[in-house]
Amino acid sequence: MKKTLFLLIPTLLLSCGPYLLHSNKVPRVLEVDPRDLLLPGEAVQVSFSLAMDRVSVDSALSLEGPEGQIAVRLDWRSDRELLLSPLERELSAGPEYRLEISTLARSEEGVPLRHAELFRFSSSQDTEAPEVVAVTPDPETQIFSDGGFDIEIRFSEPMDRD
């Protein structure tokens, strides 16, 4: 029994050792911004938890839209943060776009992402922020109420209720 145990522990360490040593050094995507809506001229910002190997990240990125694969320019702001900008054209307003970062992306130490990451967003040509056009009751009015009352706010364009 003792011989089996002594043989088993080195075997486990040899087979699992690299994962145990790097368990806290597995890179992950911390943030992709914007999360849901990309405006004209904006770039997609991707932040990683560790310094990344730029060549592997370049080969791991894929941006797709309704027309298929979209070529992007990568601008690294640091070894953990990059900006992606569509090369050929503005993104069409409305349809869904998919940014995938596969497990080909590796840290500078050669450790891959644990799993592929997929992000979805849409694009908009609307660059003007909505404005508040009316508030009822008037904000200058003092309200004395022992119950509930309604406040109505009107915007210059339709708003997302979520």
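Fair warning: this is a prediction, and the values are worked out from it, not measured in the lab.
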From CA spacing to verdict: side chain to side chain contact (heavy atoms under 4.5 Å, CB included), V46, L84:
CA-CA 8 Å; V46 181; L84 300 137; 3.9 Å; yes
For E64 and E100: C-alpha separation, side-chain torsions, deciding distance, then whether side chain to side chain contact (heavy atoms under 4.5 Å, CB included) applies.
CA-CA 8 Å; E64 292 183 13; E100 183 173 0; 5.9 Å; no
Smallest heavy-atom separation, A105 atom then A60 atom, equals N-CB, 3.3 Å
Starting at CG of L83, measure out to CD of E42 and round the result to the nearest 0.5 Å.
11.0 Å
Under 4.5 Å between side-chain heavy atoms, counting indirect links through other Ile/Leu/Val/Met/Phe/Trp/Tyr residues: same cluster for L104 and F119 or not?
no
What are the two closest non-hydrogen atoms of P66 and Y97, and how far apart are they?
CD-CE2, 3.9 Å
Residues, nucleotides or ligands: over 12 heavy atoms within 6.0 Å of R28 CZ
no
Apply side chain to side chain contact (heavy atoms under 4.5 Å, CB included) to residues V26 and L113 and explain how you reach the verdict.
CA-CA 6 Å; V26 174; L113 291 177; over 6 Å; no
What's the spacing between D53 CG and F48 CZ if we round to 0.5 Å?
10.5 Å
If you round to the nearest 0.5 Å, how far is CG of L30 from CD of E81?
10.0 Å
Lys/Arg N to Asp/Glu carboxylate O, E96 vs R98, below 4.0 Å:
no
So if you build clusters from Ile, Leu, Val, Met, Phe, Trp, Tyr with side-chain heavy-atom gaps below 4.5 Å, do L118 and M52 land together?
no
Would you check, one step at a time, whether the test side chain to side chain contact (heavy atoms under 4.5 Å, CB included) holds for V72 with L61?
CA-CA 9 Å; V72 295; L61 287 171; 5.6 Å; no
Applying side chain to side chain contact (heavy atoms under 4.5 Å, CB included), name anything that partners R106, two or more places apart in sequence or on another chain.
S56, P112
For R80 against S49, the heavy-atom pair lying closest together:
NH1-O, 2.9 Å
Which heavy-atom pair separates D79 from E108 by the least distance, and what is that distance?
CB-OE2, 4.0 Å
Looking at every heavy atom in both E117 and V29, which two are closest together, and how far apart are they?
CG-CG2, 3.7 Å
My understanding is that only residues two or more places apart in sequence, or in another chain, count here; which of them pass side chain to side chain contact (heavy atoms under 4.5 Å, CB included) with V132?
V135, I153, F155
Point-to-point distance, once rounded to the nearest 0.5 Å, from CZ of F121 to CG of L63
5.0 Å
Considering residues, nucleotides and ligands other than E131, do more than 12 of their heavy atoms fall under 6.0 Å from its CD?
no
Main-chain N/O of S85 paired with R73 side-chain donor or acceptor, under 3.5 Å:
no
Do V44 and D33 have side-chain heavy atoms sitting under 4.5 Å apart?
no
